[in-house]
Amino acid sequence: MKLTWLGHACFLAEQDGCRVLLDPYTGVEGYPPLADRKLRVHKILCSHGHFDHNAVDQAEVVPFDGPCPFTVRAVETFHDGQGGALRGNNTIHILTAGGVSVAHLGDLGHQLSEEQVKAVGPLDAVLIPVGGFYTIDAAGARAVCDALKPKCVIPMHYRHAPYGLPAVGGVEDFLALWPAPEVRRLEGASLDVDGSARGVIVPGFTGEG
């Protein structure tokens with residue numbers, strides 16, 4: 001499964017020609033509009049209805065010729081630590097294709113229960129918010145990773161000036177919670193998830209549309 005970080009909490013997942021867009025955004029400081037990329041995808045999944053995760057008009061959805069290689073499961077969670085009272089619900093999407101499973105945690109705002117951890121299941125990779133304020137923070141994200149035990153971790157939803165929501169933190173506090181040899185920074189925005197990767201992988205973002 002090929003994953004490409006498009007900024008903020010947005011990823012493009014690709015398998016056998018099928019393209020699934022996760023949490024498309026609009027109006028996030030610094031990032032160029034997703035529409036500039038002229039994305040043509042076969043499915044869009046959104047964790048919740050906020051502008052920075054539900055901008056479905058930023059891509060064109062087209063039919064896929066053949067059976068979809070992705071299996072998608074959903075686990076319901078909350079956007080905050082008060083049962084959704086502050087910011088509502090949040091959906092975790094688990095995509096399985098090509099023998100690997102990847103979970104996109106959206107704007108998760110709390111620690112997962114044992115039942116939720118079991119529902120998510122074994123993971124080759126987890127896409128997890130780490131910037132805090134609207135979501136779990138660095139320490140909370142590390143605790144979620146310890147509970148889920150994915151093979152590799154890909155942080156998202158953080159500020160790296162000039163990109164990102166002003167109120168959220170950067171990625172460094174999260175990376176500091178891992179031994180340095182377990183952290184790998186990519187120059188590019190894409191990576192292939194095949195079950196072999198371990199540790200924390202930080203995709204790059206150039207700012208180019």
*Report yes or no: do V75 and F78 belong to one cluster of Ile/Leu/Val/Met/Phe/Trp/Tyr joined by side chain heavy-atom distances under 4.5 Å?*
no
Give every donor-acceptor pair under 3.5 Å between a side-chain atom in residues 4-12 and any protein atom, sequence neighbours left out.
| from | atom 1 | to | atom 2 | distance (Å) |
| --- | --- | --- | --- | --- |
| T4 | OG1 | S190 | OG | 2.6 |
| W5 | NE1 | H8 | O | 2.9 |
| H8 | NE2 | D52 | OD2 | 2.9 |

_Checking the side chain of N90 only, and the main-chain atoms of G106 only, is there a donor and an acceptor separated by less than 3.5 Å?_
no
*Is the distance between the ring centroids of F205 and Y163 under 6.0 Å?*
yes
*So, for C46 and N54, which heavy atoms are closest and what is the spacing to 0.1 Å?*
SG-OD1, 3.1 Å
*Please list, chain by chain and in numerical order, all residues satisfying side-chain hydrogen bond (donor to acceptor under 3.5 Å, both in side chains) with T26, sequence neighbours excluded.*
none
_With sequence neighbours excluded, residues passing side-chain hydrogen bond (donor to acceptor under 3.5 Å, both in side chains) with S196_ = D194
*Looking only at heavy atoms, which two atoms of A138 and L177 are closest? And how far apart?*
O-CD1, 3.5 Å
*asked:* Could you work out, with side-chain hydrogen bond (donor to acceptor under 3.5 Å, both in side chains) as the rule, every residue matching H48, not counting sequence neighbours?
replied: H50, H79, D107
_Quick check: closest heavy atoms across A143 and Q111, and the distance to 0.1 Å?_
CB-OE1, 3.2 Å
*To the nearest 0.5 Å, how far apart are CG in L95 and CG in L127?*
9.0 Å
*Any chain of hydrophobic side-chain contacts (each under 4.5 Å) joining I136 to Y134?*
yes
_Quick check: closest heavy atoms across A97 and Q15, and the distance to 0.1 Å?_
CB-CG, 3.6 Å
_Taking side-chain hydrogen bond (donor to acceptor under 3.5 Å, both in side chains) as the cut-off, I'd like each qualifying pair that reaches into residues 170-184, sequence neighbours left out, listed once._
E172-R185
*When F70 is tested against each of H42, K43, H93, M1 for side chain to side chain contact (heavy atoms under 4.5 Å, CB included), which residue passes?*
M1
*Are Y25 and Y31 an aromatic pair by the rule of ring centers under 6.0 Å?*
yes
*Over 12 foreign heavy atoms within 6.0 Å of CG, D146*: yes
_If you compare all heavy atoms of D80 against all heavy atoms of L86, which two are closest, and at what distance to 0.1 Å?_
OD2-N, 3.0 Å
*Determine whether more than 12 heavy atoms belonging to other residues, nucleotides or ligands lie under 6.0 Å from atom CZ of R40.*
no
_Listing request: all salt bridge (Lys or Arg N to Asp or Glu O under 4.0 Å) pairs with a residue in residues 4-31, at least two apart in sequence or in separate chains._
E14-R19, E29-R159
*Quick one: do L186 and L3 end up in the same hydrophobic cluster if we chain Ile, Leu, Val, Met, Phe, Trp and Tyr together by side-chain heavy atoms under 4.5 Å apart?*
yes
*asked:* To check you understand the geometry: which heavy-atom pair defines the closest contact between F174 and A141, and what is its length?
replied: CE1-CB, 3.7 Å
